[in-house]
Amino acid sequence: MSIQVRNISKTFGSFKALEDVSLQVNSGELIALLGPSGSGKTTLLRIIAGLEQADPGGGGIRFHDEDVGQRHVSARGVGFVFQHYALFRHMSVFENIAFGLRVKPRRHRPSRAAIREKVLALLALVQLDGLARRYPHQLSGGQRQRVALARALAVEPKVLLLDEPFGALDAKVRQELRAWLRRLHDELHITSVFVTHDQDEALEVADRVVVMNRGRIEQAGTPDEVFHHPGNEFVLKFLGQVNRFHGRIEQGRPVVGTLALDAQAMENRREGEPVEIFVRPFDFELIGAGDQRPSLPARIQRVQSAGPVVRLELTGPSNEPVRVELPHPEAERLDLTVGREVRLALRRSRVFTEDYSI
């Protein structure tokens with residue numbers, strides 16, 4: 001079941017939450033709406049669900065070429081999972097999952113035996129066998145979120161919508177559940193859209209990531225596309241740490257300090273024009289004195305070796321802070337002591353001006 005969002009806007013008083021947003025979600029895709037608070041991602045999700053109405057004049061919401069923009073939420077066939085579970089505290093796990101089936105109109109309501117079979121199958125699917133008689137307060141946060149997901153799936157929705165489904169959980173449980181959600185989606189192939197402000201979550205789980213900011217879509221693409229080929233400065237800076245250097249154009253090339261970068265398509269920029277140069281922490285290489293490659297001088301201020309990579313905090317040629325990440329084997333070959341002068345070669349950099357991204 002595909003989803004088409006066409007030229008949707010939404011205002012709350014004088015605040016424009018969405019501005020002319022269009023989005024295509026293909027059948028069976030798992031899409032992440034990613035952005036900071038106030039970017040419009042939850043508003044867009046709620047409009048798709050029918051929990052909010054878009055401003056008049058837009059192109060509407062379509063499910064598989066069927067206009068659902070004027071339909072009530074109960075008639076759209078969506079499953080919605082909230083951040084804080086929204087389980088009925090007075091109902092058991094079994095009754096929570098069965099709720100959507102029991103309240104269907106009589107002519108569409110399954111039999112008691114069919115409901116029981118469906119709920120038990122869903123409990124197995126979300127790996128909660130044996131917990132049917134428990135109540136929400138007897139479950140962990142991760143278990144409650146699985147119940148909420150099973151409840152959403154019980155009514156066999158056309159699309160599944162999740163609003164920061166793991167936001168209320170601690171880091172370890174969140175990591176386990178997002179891997180589980182990816183496996184579950186690969187099994188069910190239900191068209192799904194989830195909202196998150198967690199970059200790692202979006203990049204790990206989604207087929208495509210839609211980066212939003214100030215009510216607009218900045219970029220949409222696969223995790224590799226948005227991370228390694230950001231469309232603009234906002235996307236680059238939002239998706240992980242990045243170092244920023246102030247440079248200038250010399251002979252058609254961006255230069256920071258005495259280091260000229262091999263960037264293309266800058267020849268028609270003015271000589272001396274300022275540019276900003278961005279480098280990911282893992283795109284630096286520490287090189288020795290005999291290495292003649294262009295480099296930046298820096299001084300080590302702090303070494304943090306706990307974790308999957310060694311993180312260095314340095315000061316650059318203009319005393320600007322520089323963050324570098326190195327694999328442990330590479331760091332172990334080097335004398336990474338505080339106060340040491342080092343040289344940084346660039347494996348890759350990004351240059352943004354008003355009209356160009358390289």
Side-chain angles (χ1 to χ4, degrees), residues 34 36 171 197-204 211 223-224 226-264 266 269 272-353 356-358:
L34 174 67
H197 63 271
D198 186 318
Q199 298 94 327
D200 291 338
E201 189 170 284
L203 296 173
E204 179 180 336
V211 183
D224 280 349
V226 297
F227 187 81
H228 293 296
H229 305 284
N232 56 39
E233 181 180 332
F234 173 83
V235 176
L236 175 69
K237 291 163 70 174
F238 189 73
L239 293 178
Q241 287 193 340
V242 65
N243 296 283
R244 180 173 65 178
F245 299 94
H246 297 287
R248 63 197 180 280
I249 299 297
E250 289 187 4
Q251 299 179 351
R253 301 173 70 188
V255 175
V256 54
T258 59
L259 174 59
L261 307 180
D262 292 328
Q264 304 297 316
M266 304 291 286
R269 308 309 295 180
E273 180 179 350
V275 293
E276 290 189 329
I277 298 163
F278 298 89
V279 186
R280 296 281 191 198
F282 51 78
D283 281 328
F284 286 109
E285 182 181 356
L286 271 66
I287 62 176
D291 195 318
Q292 299 303 308
R293 283 179 290 171
S295 61
L296 295 172
R299 181 188 296 270
I300 298 176
Q301 300 294 333
R302 187 168 182 262
V303 179
Q304 180 185 345
S305 59
V309 296
V310 176
R311 294 179 172 87
L312 306 180
E313 295 179 11
L314 309 96
T315 52
S318 301
N319 288 322
E320 69 272 33
V322 181
R323 293 182 176 88
V324 174
E325 294 179 357
L326 299 174
H328 279 275
E330 181 179 346
E332 289 168 2
R333 293 195 301 267
L334 303 169
D335 181 21
L336 300 179
T337 55
V338 173
R340 179 188 169 189
E341 297 279 354
V342 297
R343 293 169 57 217
L344 302 175
L346 276 59
R347 295 189 179 97
R348 184 174 183 176
S349 62
R350 292 279 177 184
V351 180
F352 290 102
T353 68
Y356 290 89
S357 67
I358 290 87

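Start at 1 with the first residue, then count along the sequence. Only this structure's heavy atoms are used, side chains among them; waters, hydrogens and symmetry mates stay out.
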Among residues at least two apart in sequence or on other chains, which ones pass side chain to side chain donor-acceptor pair (under 3.5 Å) with Asp200?
none
Sequence neighbours excluded, the answer for side chain to side chain donor-acceptor pair (under 3.5 Å) partners of Glu233 is Lys237
For residues 230-253, the ring pair (Phe, Tyr, Trp, His ring centres under 6.0 Å) pairs (sequence neighbours left out) are Phe234-Phe238
Which side-chain N or O atoms in residues 308-329 pair as donor and acceptor under 3.5 Å with protein atoms at least two apart or in another chain?
unit_1: Thr315; atom_1: OG1; unit_2: Gln301; atom_2: NE2; d: 3.4
unit_1: Glu320; atom_1: OE1; unit_2: Ser318; atom_2: N; d: 2.8
unit_1: His328; atom_1: NE2; unit_2: Ser305; atom_2: O; d: 3.4
unit_1: His328; atom_1: NE2; unit_2: Gly307; atom_2: O; d: 2.8

With rounding to the nearest 0.5 angstrom, report the NE2 to CZ distance, His228 to Arg350.
9.5 Å
Selection residues 273-299 - residue pairs positive for ring pair (Phe, Tyr, Trp, His ring centres under 6.0 Å), sequence neighbours left out
Phe278-Phe352
Could you pull out every donor-acceptor pair under 3.5 Å between side chains of residues 336-346 and any protein atom, sequence neighbours left out?
unit_1: Arg340; atom_1: NH1; unit_2: Asp335; atom_2: O; d: 2.8
unit_1: Glu341; atom_1: OE2; unit_2: Arg299; atom_2: NE; d: 3.2
unit_1: Glu341; atom_1: OE2; unit_2: Arg299; atom_2: NH2; d: 2.3
unit_1: Arg343; atom_1: NE; unit_2: Ser295; atom_2: OG; d: 3.0
unit_1: Arg343; atom_1: NH1; unit_2: Gly288; atom_2: O; d: 2.8
unit_1: Arg343; atom_1: NH1; unit_2: Asp291; atom_2: O; d: 3.0
unit_1: Arg343; atom_1: NH2; unit_2: Asp291; atom_2: O; d: 2.9
unit_1: Arg343; atom_1: NH2; unit_2: Arg293; atom_2: O; d: 3.2
unit_1: Arg343; atom_1: NH2; unit_2: Ser295; atom_2: OG; d: 3.2

Whether Gln292 side chain and Gly290 backbone form a donor-acceptor pair below 3.5 Å
yes
Would you compute the distance between atom CG of Leu236 and atom CZ of Arg280 and round it to the nearest 0.5 angstrom?
4.5 Å
Just how far is it from atom CG of Leu296 to atom CG of Asn243, taken to the nearest 0.5 Å?
10.0 Å
